[in-house]
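Here's the structure, in structure tokens; my notes come after.
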Amino acid sequence: MSACSNEARYAIWHRDDGSVVSCTEKVKVMNENLDEIAQLMQDALEDGILMEVSEAQMKDVLHKLVDALHNPYAGRE
């Protein structure tokens, strides 16, 4: 996928207070991070399917990984 086609699929990034993150470099880094994560997840899914793991189970495991993420900065300001 080209970078241009990926930009359209991302929402506008917001802070907790609802204001928009408008710094071009911050937005660029966020979108690049998501592109990398999406590719890693796709690769993991394909590997699992090739190794005869259930597609549904692979997706469930990937969802659980997201659900288990924690904010190490919570409470800091």
Side-chain angles (χ1 to χ4, degrees):
M1 286 184 212
S2 71
C4 292
S5 67
N6 289 337
E7 288 177 22
R9 75 175 189 216
Y10 300 121
I12 295 172
W13 296 103
H14 294 91
R15 295 179 185 87
D16 285 338
D17 66 4
S19 63
V20 174
V21 176
S22 60
C23 173
T24 305
E25 285 303 310
K26 289 179 181 179
V27 171
K28 180 181 175 184
V29 168
M30 290 301 302
N31 291 345
E32 288 174 351
N33 285 345
L34 287 183
D35 286 338
E36 291 175 24
I37 292 166
Q39 187 59 57
L40 284 171
M41 291 175 67
Q42 182 65 43
D43 291 346
L45 176 67
E46 291 174 13
D47 287 348
I49 291 168
L50 288 172
M51 290 183 261
E52 301 178 348
V53 173
S54 159
E55 178 181 352
Q57 182 182 13
M58 283 298 303
K59 288 182 177 182
D60 183 55
V61 168
L62 293 173
H63 281 279
K64 286 178 180 176
L65 287 173
V66 171
D67 292 341
L69 293 173
H70 71 281
N71 177 358
Y73 306 107
R76 293 185 189 176
E77 287 196 39

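Start at 1 with the first residue, then count along the sequence.
Side-chain polar atoms of Gln39 and Asp35 form no donor-acceptor pair below 3.5 angstrom.
With rounding to the nearest 0.5 Å, the separation of CG in Asn31 from NZ in Lys26 is 14.0 Å. Interatomic distance, Asp43 CG to Met41 CE, rounded to the nearest 0.5 Å: 11.0 Å.
Among residues two or more places apart in sequence or in another chain, the side-chain contact (heavy atoms from CB on, under 4.5 Å) test is passed with Leu65 by Leu62.
The two residues Val27 and Val21 make their nearest non-hydrogen contact at CG2-O, 3.5 Å.
Applying the salt bridge (Lys or Arg N to Asp or Glu O under 4.0 Å) test to pairs two or more places apart or on separate chains, those with a residue in residues 52-64 are Glu55-Lys59, Asp60-Lys64.
Heavy atoms from other residues, nucleotides or ligands lying under 6.0 Å from CG of Asp17 number more than 12. Environment of CG in Leu50: crowded, with over 12 heavy atoms of neighbouring residues, nucleotides or ligands closer than 6.0 Å.
Here Leu45 is tied into one hydrophobic group with Ile49, Val53, Met58, each link being a pair of ILVMFWY side chains closer than 4.5 Å.
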